[in-house]
Amino acid sequence: MSLPQNPFTSSTIPSMKKSPSLEKEGNQMQIENVDRIGKLPDDMLLKILKSLSTEKAVQTSLLSKRWEGVWKQMPYLFFNMKNALKVELPLAEQSHFIAQLITKVINNHSGNLEHCKILHMTPQTQDGTLETWIRSLIHVKHTKYLELKRFRVNRPGRARVLHLPPNIFSHPMLTSLLLSRYQFESAHAFNNCNNIIILKLFKIKVEVDVLNTVIESCPSLKMLVLEIFQNSRTGCLKIHNNHLKFVHLTCTEIDNVEVSAALLDILSIHNVKLIRGINIVLDAPRLLQFSQRLWKVHQSLPHIVYNISCDTQGNENIGHKFVMNIENYFMVVFATLAVNVDMMNPKEVYMLKQVLDAWARDLQILQIFFKDNDIDKKEGESSIDGIQNKWGNCFLDVDFRVRSVYLYNFNGLDEDQFALAASFVIQGKMMESLTIETSSLPAYKTLAIDTAVAKLMKLPKGNKNLNIKFI
């Protein structure tokens with residue numbers, strides 16, 4: 001919704017002066033076209049409306065009686081007050097008027113909503129309008145995914161306190177919630193939020209004990225995104241949840257962080273300054289085995305630790321798409337990436353390629369931990385002769401560059417692991433070094449790894465200065 005005019009009046013429809021004959025002919029053609037489209041069933045008309053903004057979709061009610069109620073069945077409503085502002089009009093009056101129009105559209109909409117997004121101004125946080133919207137959208141419209149973002153015209157301004165009654169976010173239909181640019185003084189709005197699976201808090205000002213209560217009040221969380229600014233610099237952020245699969249944390253200054261999550265597959269860290277030098281305490285079995293190597297040396301860099309996995313039906317992790325778009329969310333270059341992948345699992349290999357494809361900017365460090373599949377060929381059985389296997393060519397067109405690559409648990413008998421390493425060498429993806437590290441292995445496996453590394457070194461290098469090391 002981007003214009004301050006009333007979307008229910010014809011003033012929003014542009015007009016042009018025409019000769020009477022041309023105007024009559026044009027009107028007749030428009031009526032015939034509208035009537036022809038209007039004969040389609042509602043589900044087809046809704047598909048047409050989904051391609052329009054909320055404002056334009058509401059305006060279709062002026063076309064004919066057939067269209068009057070169609071927009072009211074739309075599963076999505078998106079409002080952006082920022083786009084509706086006019087420089088020549090008083091800001092306070094515009095804010096109040098546009099807010100009234102949003103309220104009217106919400107109230108006139110019939111049925112439930114899959115997704116609603118509102119970008120609003122500061123006054124709605126203070127005059128009760130925001131609470132009215134939230135109550136209607138959650139408890140009347142049964143919205144599944146709600147996004148609320150506050151903005152201030154001309155200058156950023158400070159975060160505004162979000163005064164909401166207890167339990168307002170508690171409703172079984174609400175599963176995903178995004179809040180941006182608010183201040184929390186209490187956590188009671190999140191009381192009994194067993195329903196929320198995805199919680200994203202961007203540019204939120206909050207004391208750490210209040211934030212801990214918010215997290216504790218949402219025990220069903222699978223995805224948690226925090227971009228937090230604190231009033232004080234003391235406290236321990238506690239993220240304890242055995243359903244969590246994805247956690248992103250941006251926190252300017254904090255004493256320390258505890259993350260305890262038995263199912264956690266993705267941990268993203270950016271701009272976490274531990275003011276007393278205390279490390280992040282991580283209790284996450286799926287990440288702990290390979291994340292510690294990264295943090296000991298590179299904890300100060302923005303980084304992501306990702307145990308690539310999918311469920312028994314082959315569905316990807318809930319945070320996978322977020323990882324691929326994370327630089328767009330935070331406008332920052334993530335310097336290091338550590339992944340744990342099964343090269344014998346086609347879905348996991350494809351997901352790894354997606355992640356590398358998405359990271360177009362140069363990485364500092366890429367760590368790849370190969371999951372142990374207990375490949376146990378005997379000495380002399382290795383069939384690594386190049387990169388012409390099922391995954392070799394898959395990674396040849398990956399468009400990214402990295403300063404250094406580390407391969408852990410590298411198995412000289414695994415053609416897929418070799419093909420991945422070889423594609424990096426040939427394409428010049430690595431600017432400085434490739435380091436291959438193995439654990440204690442039987443003699444025949446050590447010989448196979450020696451053979452594989454020797455073959456890697458003989459490959460034509462896309463970067464002539466590349467240093468290949470074997471530990």
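Every value quoted in this text rests on a predicted model; they were computed, and no experiment measured them. Atoms considered below: every heavy atom in the structure, side chains included; atoms not considered: hydrogens, waters and symmetry mates.
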Salt bridge (charged side-chain N to carboxylate O under 4.0 Å, His left out) against E114, all qualifying residues, sequence neighbours excluded
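Applying salt bridge (charged side-chain N to carboxylate O under 4.0 Å, His left out) to E114 gives K144.
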Residues in salt bridge (charged side-chain N to carboxylate O under 4.0 Å, His left out) contact with E216, at least two apart in sequence or another chain:
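With sequence neighbours excluded, E216 shows a salt bridge (charged side-chain N to carboxylate O under 4.0 Å, His left out) to no residue whatsoever.
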For a 4.5 angstrom cut-off between non-hydrogen side-chain atoms, does F79 reach V105?
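They are in side-chain contact.
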Does the side chain of N256 reach to within under 4.5 Å of the side chain of L237, using non-hydrogen atoms?
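A side-chain contact is absent here, since even the closest heavy-atom pair is not under 4.5 Å.
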Which residues pass the side chain to side chain contact (heavy atoms under 4.5 Å, CB included) test with [X], not counting sequence neighbours?
{"X": "K222", "answer": "I197, I318"}
{"X": "N465", "answer": "N463"}
{"X": "S180", "answer": "K149, L178, F202"}

Distance-only polar pair, side chains of S309 and D265, donor-acceptor under 3.5 Å
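The answer is yes; a qualifying pair exists.
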Classify the side-chain pair Q354/H320 by whether it contains a donor and acceptor separated by less than 3.5 Å.
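Yes.
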Which residues satisfy the ring-ring contact (aromatic ring centres under 6.0 Å, His included) test with F169, sequence neighbours excluded?
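ring-ring contact (aromatic ring centres under 6.0 Å, His included) check on F169 returns F190.
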Looking at residues at least two apart in the chain, or sitting in another chain, which of them share a side-chain hydrogen bond (donor to acceptor under 3.5 Å, both in side chains) with [X]?
{"X": "H163", "value": "none"}
{"X": "T132", "value": "none"}
{"X": "T435", "value": "none"}
{"X": "S186", "value": "H188"}

Take atom NZ in K461; do more than 12 heavy atoms of anything else shown fall under 6.0 Å from it?
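Counting other residues, nucleotides and ligands, NZ of K461 exceeds 12 neighbours.
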Could you give the side-chain donor-acceptor pairs of residues 133-141 under 3.5 Å, partners two or more places apart or in another chain?
| unit_1 | atom_1 | unit_2 | atom_2 | d |
| --- | --- | --- | --- | --- |
| W133 | NE1 | T103 | OG1 | 2.8 |
| R135 | NH2 | E131 | OE2 | 3.3 |
| H139 | NE2 | I168 | O | 2.9 |
| K141 | NZ | H109 | O | 2.2 |

Solution key, residues 239-247 side-chain donor-acceptor pairs under 3.5 Å, sequence neighbours excluded:
| unit_1 | atom_1 | unit_2 | atom_2 | d |
| --- | --- | --- | --- | --- |
| H240 | NE2 | E258 | OE1 | 3.2 |
| N241 | OD1 | H243 | N | 2.7 |
| N241 | OD1 | L244 | N | 3.3 |
| N241 | ND2 | C218 | O | 3.4 |
| N241 | ND2 | P219 | O | 3.2 |
| N242 | OD1 | A262 | N | 3.3 |

[X]/[Y] ion pair, N-O < 4.0 Å:
{"X": "E147", "Y": "K200", "answer": "no"}
{"X": "K47", "Y": "D43", "answer": "no"}
{"X": "E437", "Y": "K469", "answer": "no"}

Does K82 make a cation-pi contact with F151, if we ask for NZ or CZ under 6.0 Å from the ring centre and within 45° of the axis?
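The answer is yes; both the distance and angle limits are met.
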Run K321 and E316 through salt bridge (charged side-chain N to carboxylate O under 4.0 Å, His left out) and show every step you take.
CA-CA 9 Å; K321 287 186 174 62; E316 60 197 27; 2.7 Å; yes
Check whether any side-chain N or O of S53 sits under 3.5 Å from a backbone N or O of K56 as a donor-acceptor pair, and report yes or no.
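Here the side-chain-to-backbone pair exists.
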